[in-house]
2 protein chains.
Amino acid sequence: MANRHADTIADELEDMILDGRFANNDRLDEVQLAQRFSVSRTPIREALQRLTQAGLVEQIPRRGAFVRQPGAIELIEMFEVMAELEAASARFAAMRMTDAALGDLNDANEKCMKAMQDQDADSYYRENERFHHIIYAQSGNSFLEAEAKRLHRRLKPFRRLQLRLRGRLRQSMSEHESILEALANGDPEMAAQVTRQHVAVQGEKFHHLIATLKIAAE
Amino acid sequence: MANRHADTIADELEDMILDGRFANNDRLDEVQLAQRFSVSRTPIREALQRLTQAGLVEQIPRRGAFVRQPGAIELIEMFEVMAELEAASARFAAMRMTDAALGDLNDANEKCMKAMQDQDADSYYRENERFHHIIYAQSGNSFLEAEAKRLHRRLKPFRRLQLRLRGRLRQSMSEHESILEALANGDPEMAAQVTRQHVAVQGEKFHHLIATLKIAAE
DNA sequence: GTCAAGTTTTTTGTATACAAGATATCCAAA
DNA sequence: TTTGGATATCTTGTATACAAAAAACTTGAC
């Protein structure tokens with residue numbers, strides 16, 4: 001990609017923002033960050049530019065850079081788009097997927113299941129991510145794969161939240177089964193539909209969660 | 001957004017690349033560009049960073065920035081994704097669209113038709129773009145709208161190419177009619193399907209065009 | 001004439017310097 | 001006490017300086 005220093009700084013800042021280590025609208029002071037990373041302002045500014053492009057930071061001219069956590073509405077919109085990208089991936093994958101990849105997908109799903117039974121959250125997240133990434137890759141469309149990965153990563157912290165809802169995990173696994181079945185049958189429309197539903201419901205659950213939190217806060 | 005100078009420079013460079021004023025793999029020399037724009041290297045570097053993020057430029061560490069025109073395969077992939085984004089927009093629009101917007105869409109379509117009869121290419125492109133942008137906006141999903149606009153813009157120069165094919169324009173207009181009808185009927189699945197087809201066929205026509213050009217070149 | 005090692009020249013990436021705009025502080029008047 | 005304006009301070013945005021890496025060139029051996 002680009003220059004090493006600014007690159008790694010951007011990655012670190014991205015992680016920090018996505019992990020929620022900054023509050024919304026926190027100002028990212030250039031000199032402070034420069035000191036923290038022991039570099040000059042130049043690579044910091046490059047990193048901030050990158051984050052701005054990625055939508056994680058908003059830069060206001062002559063005012064500075066502010067972390068920009070998406071609001072509830074924007075998150076729902078993003079989940080909606082994610083559902084469409086996943087549905088499209090699944091549709092293509094149903095037609096283009098290799099047998100070997102189908103085996104991998106099955107493997108990821110079984111490990112997901114096992115992780116759920118073992119209450120092993122880390123393992124669950126890892127295998128669930130693998131499950132979805134395999135579908136993106138098997139769309140046979142690298143551009144789609146890249147876009148899907150990008151948005152998937154952006155939504156990661158919020159997916160975790162939503163999975164805490166009672167019964168959601170088990171339901172999610174059953175949806176995986178339907179996806180697997182549709183892909184195994186090579187049924188593009190079915191694959192697209194169940195996959196869209198699988199992701200869209202995450203957005204809805206998330207919405208529900210937000211609403212609940214709001215009520216609880218009153 | 002960000003700083004004025006680097007901003008406008010990025011926009012200008014973007015236009016130049018999208019208009020094809022640079023060949024693929026052309027190196028974008030920082031000092032040369034700095035002189036051309038009468039600024040220092042700093043804002044140039046910021047602009048190049050932005051273009052890299054947008055996928056128009058590839059930066060190789062310690063080597064420089066190179067314009068990166070998508071190849072045939074990548075273009076087909078991008079058209080495939082565009083088709084999905086448009087289809088999703090149309091699906092949502094079928095459910096959420098206002099009557100006023102439906103009127104606007106009809107208006108854009110009629111002006112498109114008129115432009116075709118008048119052989120007025122500029123007017124055609126403008127109204128065609130308006131047609132599609134209305135659908136994005138009426139998806140009621142700003143995030144989707146932004147993503148669709150972004151990709152639409154990226155594909156702009158290649159859509160123009162494809163429209164030169166004999167009979168393509170008339171076919172395209174008839175597809176617009178089907179889209180309008182589905183939206184007017186509030187039929188989400190039909191709207192998604194005809195819209196996907198409308199855009200996907202552009203990719204196929206484009207593919208066909210490329211193949212033809214290659215044969216002609218031999 | 002070709003190739004390879006060593007040297008010079010470019011070019012990138014980072015640090016620092018400086019200018020202009022934004023924010024904060026202070027003081028006086030109502 | 002509060003408000004308004006003038007001044008001081010801080011912060012961003014751009015220019016310049018410098019170090020290190022890559023490319024280009026030179027020179028010498030075969």
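Within a 6.0 Å sphere centred on NE2 of A:His152, heavy atoms belonging to other residues, nucleotides or ligands number more than 12. The environment of B:Arg36 atom CZ is sparse: at most 12 non-hydrogen atoms of other residues, nucleotides or ligands sit within 6.0 angstrom. Within a 6.0 Å sphere centred on CG of B:Asp99, heavy atoms belonging to other residues, nucleotides or ligands number 12 at most.
One interatomic measurement links the two molecules: CD1 of A:Ile44 to P of D:dT14, which rounds to 18 Å at whole-angstrom precision. As a whole-Å value, the separation of A:Leu48 CG from D:dG13 C1' is 13 Å. In this structure, B:Glu46 atom CD and D:dA15 atom P are separated by 11 Å, rounded to whole Å. Atom CD in A:Gln59 sits about 16 Å away from atom P in C:dA22, given to the nearest Å. In this entry the distance linking CD of A:Gln49 with C1' of C:dT14 reads 16 Å, nearest Å. Atom CD1 in A:Ile60 sits roughly 18 Å away from atom P in C:dG21 (whole-Å rounding). Rounded to a whole Å, the NE2 atom of B:His5 is 7 Å from the P atom of D:dA15. At whole-Å resolution of the value, CZ in A:Arg41 and P in D:dG13 are 8 Å apart.
At a threshold of 4.5 Å between non-hydrogen side-chain atoms, the residues B:Met97 and B:Leu105 count as touching. For the pair A:Arg153 and A:Leu18, the minimum side-chain heavy-atom distance is below 4.5 Å. Side-chain atoms of B:Glu127 and B:Lys114, non-hydrogen and from C-beta on, never get closer than 4.5 Å to each other.
For the helix from C:dG1-D:dC30 to C:dA30-D:dT1, the end axes, each set by the C1' atoms of five terminal pairs, are bent relative to each other by 10° (nearest 10°).
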Atom pairs, protein N/O to nucleotides 6-11 of chain D N/O, distance under 3.5 Å:
from, atom 1, to, atom 2, distance (Å)
D:dT11, O3', A:Arg27, NH2, 3.0

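Distances shorter than 4.0 Å separate none of the side-chain N or O atoms of B:Ser40 from OP1 or OP2 on D:dT14. Listed pair B:Arg45 / C:dT12 fails the phosphate criterion, with no side-chain N or O lying under 4.0 Å from OP1 or OP2.
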Criterion salt bridge (Lys or Arg N to Asp or Glu O under 4.0 Å) on A:Arg130 and A:Asp104, from CA distance to verdict: CA-CA 9 Å; A:Arg130 186 159 78 95; A:Asp104 287 347; 5.0 Å; no
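Atom CD of B:Gln49 and atom CG of A:Leu48 lie 10.5 Å apart (nearest 0.5 Å).
Using bins of under 30°, 30° to 60° and over 60° for the plane-to-plane angle, the ring pair A:His198/A:His176 lands in the perpendicular bin.
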